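Have a look at the structure below, then the notes.
Note that these values count all heavy atoms, side chains included, but never hydrogens, waters or copies made by symmetry. These numbers were taken from a predicted model, which means no experiment stands behind them.
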Amino acid sequence: MSRSSPCPPPEWAPHSALWTAWPADAALWEEDLDGAREEVAALVLALAAEGSEGRVGDRVRVLAASEEAETSARNMLGPDIDVVRAAYGDIWLRDTGPIFRSATTARAFRFNGWGGKYNLPGDADLSQRLAAIAEVSLQTHDFVLEGGAVEMDGQGTLITTRECLLNPNRNPGWTQSDAERALAEALGAEHVIWLERGLKNDHTDGHVDNLARFVGPGRVVAQSPSGPNDPNADVLQEIAEALGAATDAAGRRLDVTLIPSPGRVEDEKGAPMPASHMNFVIGNASVVIPTYGTTSADDGVASLQNVFPDRRVIGSPARSLLTGGGAFHCITQQQPI
């Protein structure tokens, strides 16, 4: 497959900025609003902080959708964090915002509320408005794609799931070949690794950023089941086997590191939630991994610290964010140098 568009840099490459958004809509978050704000604040401050050996943290830029949200964000984040007033439906910028290719260019795609499930005012055109705020040129592609549906290594390899990208609620009639051509043109994907399905009860229909993440050239992390009642045991085993047999665009067999999943994390009705330690954010100085009060958290932090010896790895609670359907990677988007 020929590459017709340059790849975005990998997420571990240096960032000129890291974008996120402040939980703003009390009608959406209900009793979890305060908790979600505390979790986003902890994430932002961890990413902005200086790392080991003087490694400089991220310039985190936080969108705030209302006067109340802006005041709340400024009070909780302090004067050193850039808070920017802008409208959005909710905070899932990985999916609603653009994918930056460089410090000055970005790609935008159609957004249809994760297959028509959640269409909120301010989300469909957020890529265009955020690109204007960031002062980058924007190229728009006429197909539905969320950033959390694709995982890239910066060297032409992309991981995704058939459950999401070939779902008729996104691009009806798409074949695998159609998807691969579109990904090559828009994102420089020379080689696509297809996983089958995602986590149970994930309303994104199998976003890959809950399943597997590149952490270096030819290196991937994924999850192993935690305990006999892990609701995703079969899926996680399938993913580990598929990645272990996969090669990247350079022909390298993937080096796969497995960390324990959070296991069964239940909502207020006792149903399993799509909790994942894979939804971590790679910052300039720190890696922040979401935790959910399970025993897997310490192992997850320790395993990622081995993967990222030059960065500080921090486990940070994300249980309130999970009630909205995601965690830290879902609410962030990096802008490269």
Side-chain angles (χ1 to χ4, degrees), residues 5 8 11 18-25 27-29 40 61-65 84 86-101 105-134 136-152 158-174 178-189 198 202-211 274 279 281 321 324-335:
S5 176
E11 293 189 31
L18 204 156
W19 294 85
T20 190
W22 194 249
D25 191 335
L28 288 174
W29 289 97
V40 174
R61 307 193 70 185
V62 183
L63 302 185
V84 182
Y88 48 85
D90 209 354
I91 64 176
W92 314 108
L93 291 195
R94 182 66 53 175
D95 298 337
T96 59
I99 295 177
F100 291 92
R101 193 187 67 78
T105 61
R107 302 287 189 264
F109 306 88
R110 285 196 286 117
F111 178 74
N112 74 344
W114 302 279
K117 299 181 189 70
Y118 304 97
N119 285 306
L120 302 174
D123 278 348
D125 66 342
L126 182 58
S127 284
Q128 288 74 17
R129 290 184 290 107
L130 198 155
I133 296 168
V136 302
S137 63
L138 189 68
Q139 180 177 341
T140 300
H141 297 271
D142 191 27
F143 61 90
V144 175
L145 182 72
E146 302 107 36
V150 291
E151 176 68 17
M152 298 170 281
L158 183 149
I159 309 176
T160 190
T161 70
R162 292 186 175 91
E163 180 185 1
C164 184
L165 251 64
L166 303 186
N167 197 313
N169 67 10
R170 301 306 205 277
N171 298 289
W174 252 21
D178 293 332
E180 290 179 352
R181 281 192 294 271
L183 294 170
E185 178 183 356
L187 297 172
D202 182 357
H203 68 240
T204 69
D205 302 309
H207 272 192
V208 72
D209 64 354
N210 268 338
L211 308 176
N279 216 262
V281 178
L321 286 175
F328 299 147
H329 193 254
C330 298
I331 68 170
T332 55
Q333 185 61 261
Q334 70 279 351
Q335 181 177 357

Are [X] and [Y] packed together at the side-chain level, in the sense that at least one heavy-atom pair is separated by less than 4.5 angstrom?
X: Val40; Y: Pro23; answer: yes
X: Phe100; Y: Pro98; answer: yes
X: Ile331; Y: Trp19; answer: no
X: Gln128; Y: Thr140; answer: yes
X: Leu321; Y: Phe328; answer: yes

Who pairs with Asp25 by salt bridge (Lys or Arg N to Asp or Glu O under 4.0 Å), at least two apart in sequence or on another chain?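 Salt bridge (Lys or Arg N to Asp or Glu O under 4.0 Å) list for Asp25, sorted by chain: empty.
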Counterpart residues, salt bridge (Lys or Arg N to Asp or Glu O under 4.0 Å), relative to Arg170 (two or more places apart): Glu146, Asp205
Rounded distance (nearest 0.5 Å) linking atom [atom1] of [X] with atom [atom2] of [Y]:
X: Cys330; Y: Asn210; atom1: SG; atom2: CG; result: 5.5 Å
X: Arg107; Y: Gln139; atom1: CZ; atom2: CD; result: 4.0 Å
X: Leu183; Y: Thr160; atom1: CG; atom2: OG1; result: 7.0 Å

Using the side-chain contact (heavy atoms from CB on, under 4.5 Å) rule, take Val150 and Met152 through it: C-alpha gap first, then chi angles, then the decisive distance, then the call. CA-CA 7 Å; Val150 291; Met152 298 170 281; 4.2 Å; yes
On a heavy-atom basis, which atom in [X] and which in [Y] lie closest, and how many Å separate them?
X: Gly97; Y: Ser127; answer: C-OG, 3.0 Å
X: Val62; Y: Ala21; answer: CG1-C, 4.2 Å
X: Gly206; Y: Leu211; answer: O-CD1, 4.2 Å
X: Phe109; Y: Leu187; answer: CZ-CD2, 4.1 Å

Listing, residues 86-95 side-chain donor-acceptor contacts under 3.5 Å, not counting sequence neighbours, or none:
from	atom 1	to	atom 2	distance (Å)
Tyr88	OH	Trp22	N	3.4
Tyr88	OH	Trp22	O	2.5
Tyr88	OH	Leu63	O	3.2
Tyr88	OH	Ala65	N	3.2
Asp90	OD1	Trp29	NE1	3.2
Asp90	OD2	Trp92	NE1	3.4
Arg94	NE	His329	O	3.1
Arg94	NE	Thr332	O	2.8
Arg94	NH1	Gln333	OE1	3.1
Arg94	NH1	Gln334	OE1	3.0
Arg94	NH2	His329	NE2	3.4
Arg94	NH2	Thr332	O	3.0
Arg94	NH2	Thr332	OG1	3.3
Arg94	NH2	Gln334	OE1	3.0
Asp95	OD1	Gly148	N	2.9
Asp95	OD2	Trp114	NE1	2.8

Evaluate the criterion side-chain contact (heavy atoms from CB on, under 4.5 Å) for residue pair Val136 and Gln335; output intermediate values, then yes/no. CA-CA 10 Å; Val136 302; Gln335 181 177 357; 3.6 Å; yes
Report the residue from Leu145, Asn171, Asp178, Val208 that forms a side-chain contact (heavy atoms from CB on, under 4.5 Å) with Leu165. Leu145
Whether [X] side chain and [Y] backbone form a donor-acceptor pair below 3.5 Å:
X: Ser137; Y: Thr105; answer: no
X: Asn112; Y: Asn169; answer: yes
X: Asp209; Y: Glu151; answer: no
X: Asp202; Y: Gly198; answer: no

